[in-house]
Amino acid sequence: MSMKIRTDEISSILLKELESNLKSIETFEFGTVLQVGDGICRVHGLSKAMAGELVRFKEHQGLQGLVLNLESDNVGIAILGEGSKVREGDTVVRTGKIASIQVGEATQGRVLNALGEVIDGGPALISEHHAPIEIKAPGIIDRQNVCEPLYTGIKSIDAMFPIGKGQRELIIGDRKTGKTAIAIDTIINQKGKGVQCIYVGIGQKASTIVALVETLRRHGAMEYTTIIAANASDPAPMQFLAPYTGVTVGEYYRDNGKHALLVYDDLTKHAQAYRQISLLLRRPPGREAYPGDVFYIHSRLLERAAKMSASRGSGSLTALPIIETQAGDISAYIPTNVISITDGQIFLETNLFNSGIRPAVNVGLSVSRVGGDAQIKATKQVAGRLKLTLAQYREMAAFSQFASELDEATRKQLALGERFTEILKQKQLAPYPIERTILVLFAGINGYLDSIPIKSVLRYESELIRYMEDSNAAILQKIVQEQKITPASETAMKAALDAFKNVFKA
């Protein structure tokens with residue numbers, strides 16, 4: 001019996017067999033290290049590599065690199081780890097992926113490195129959510145105006161330079177002026193407010209990060225905080241990558257309708273790390289030897305902080321970048337770049353810090369471009385003219401040193417300015433709820449401090465707060481609930497202040 005051979009069946013069977021065999025074959029693109037040094041290597045053979053792609057070093061398990069330069073005959077790669085292990089002739093394999101990390105609730109209370117790996121000695125991070133560290137910032141349609149306050153717990157900032165959820169407020173000043181202290185106080189003040197915090201330490205000492213973790217743990221803030229640490233001992237590529245890892249952790253909360261606060265400490269060291277990488281990759285240097293795209297690396301980072309629209313869940317990501325200046329020079333390259341990207345700055349002055357005014361906020365150079373949109377009406381009512389009063393006081397105080405006699409109006413202005421300066425002083429790690437700030441400023445603008453000697457102002461403040469919270473807490477709670485000082489609340493506050501004046505002994 002003869003069988004008729006059907007060619008269409010044979011061809012379909014052969015195609016199926018070929019497809020099943022092809023599926024089992026994995027293809028990789030290999031390259032060879034031509035040159036290596038200072039955390040940078042040049043690789044030949046990765047002709048299809050993409051900018052920002054991750055590669056792995058075959059001979060060194062777990063060691064990865066980030067593609068930064070695409071040239072005609074080689075690829076420039078930043079080594080994410082111990083670059084001294086890599087040798088000329090080593091094999092480099094493409095992964096076809098850009099850097100991504102685990103995000104989600106599992107990151108809370110953990111210390112991670114720039115690659116999102118746990119470095120706190122605890123169990124490995126396990127999360128079902130992953131996200132790429134480089135994505136496009138939300139567009140205009142996806143955002144809404146910053147309108148909801150995010151309280152720092154620092155009287156002078158909450159009163160004069162309010163920060164809103166979704167804002168980018170720069171903290172700028174010389175070294176040792178209290179920049180990190182403001183950021184830590186703000187993190188501690190978010191306890192119980194439903195704001196997740198991320199602190200990115202760039203080029204900090206490992207001991208500084210350890211002390212920070214202990215401080216946050218002692219104040220119960222580590223429960224809702226994630227630390228991203230790229231220490232001074234880490235290679236420049238890790239320091240460059242750390243802020244992008246931090247913002248990716250924060251974006252998970254923002255995109256899920258929650259609120260997050262992100263601190264970059266500091267972007268000066270971030271720019272210096274990028275300058276180091278760029279010079280080693282032989283990119284053309286520009287002003288102060290920084291590459292031409294140093295503005296872009298910060299703008300694409302800070303633009304990811306936003307208050308999302310109602311259709312996107314109304315979540316927010318607030319950024320507090322820190323910049324360190326040299327001798328108070330805010331007109332240097334990196335400070336001016338970041339000032340132009342952010343929605344305001346808090347300038348800390350060395351002279352004020354050394355004279356005991358802490359936080360050492362310079363009223364004249366500090367500003368919040370969101371302004372009153374991020375303040376409740378009650379704060380505006382007591383702090384409306386505070387900034388102008390302090391600025392006039394600083395100017396008058398400078399000129400009054402050369403005057404032998406002062407008129408009555410000038411003396412009153414100086415006395416008022418001195419008392420406001422004194423009452424805005426605040427200890428570190430002691431954030432103020434907004435109702436306390438409203439209380440002490442209300443006492444100041446209504447003349448209750450005028451008869452108090454300067455040396456007794458801070459004692460007056462602490463005893464007043466204790467008195468009000470013990471016997472008149474309902475007044476403060478009502479102001480916070482109504483978000484304004486009504487005539488009834490004003491009368492009740494003045495009556496309570498009059499009663500306290502009779503019992504306070506200067």
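Every heavy atom of this structure was used, including side-chain atoms; hydrogens, water molecules and symmetry mates were not. All of these numbers come straight from a predicted model, not from anything done at the bench.
- Judged purely by atom type and a 3.5 angstrom limit, Gln375 uses its side chain to pair as donor or acceptor with the backbone of Ala159.
- Taking the side chain as every heavy atom from C-beta outward, Val195 and Lys165 approach each other to under 4.5 Å.
- Rounded to the nearest 0.5 Å, atoms CZ (Arg168) and CD (Glu303) are 4.5 Å apart.
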Fill in: Check against salt bridge (charged side-chain N to carboxylate O under 4.0 Å, His left out), Lys48 and Glu29
CA-CA 8 Å; Lys48 294 181 181 177; Glu29 188 178 345; 5.8 Å; no
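- Judged purely by distance below 3.5 Å, without hydrogens or angles, the side chains of Gln167 and Ser368 pair a donor atom with an acceptor atom.
- Using a cut-off of 4.0 Å between Lys/Arg side-chain N and Asp/Glu carboxylate O, Arg110 and Asp120 are scored as salt-bridged.
- No donor-acceptor pair under 3.5 Å is formed between the side chain of Asn256 and the backbone N or O of Lys258.
- When each of Lys425, Lys155, Arg466 is checked for a salt bridge (charged side-chain N to carboxylate O under 4.0 Å, His left out) with Glu461, only Lys155 meets the rule.
- Between Tyr264 and His270, the ring centre distance reaches or exceeds 6.0 Å.
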Practice prompt. Start with the C-alpha gap between Arg394 and Glu349, add the side-chain angles, then the distance that decides, and say whether salt bridge (charged side-chain N to carboxylate O under 4.0 Å, His left out) holds.
Written response: CA-CA 13 Å; Arg394 297 267 162 86; Glu349 192 179 333; 5.9 Å; no
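- Annotation: side chain of Tyr244 is not in contact with side chain of Ile228 (no heavy-atom distance under 4.5 Å).
- Of the possible donor and acceptor atoms, one in the side chain of Thr268 sits under 3.5 Å from a partner among the backbone N and O of Glu324.
- Side chain to side chain, His298 and Asn337 fail the donor-acceptor criterion of an N or O pair below 3.5 Å.
- Looking at Glu435, its side chain never comes within 3.5 Å of a backbone N or O of Leu476 through a donor-acceptor pair.
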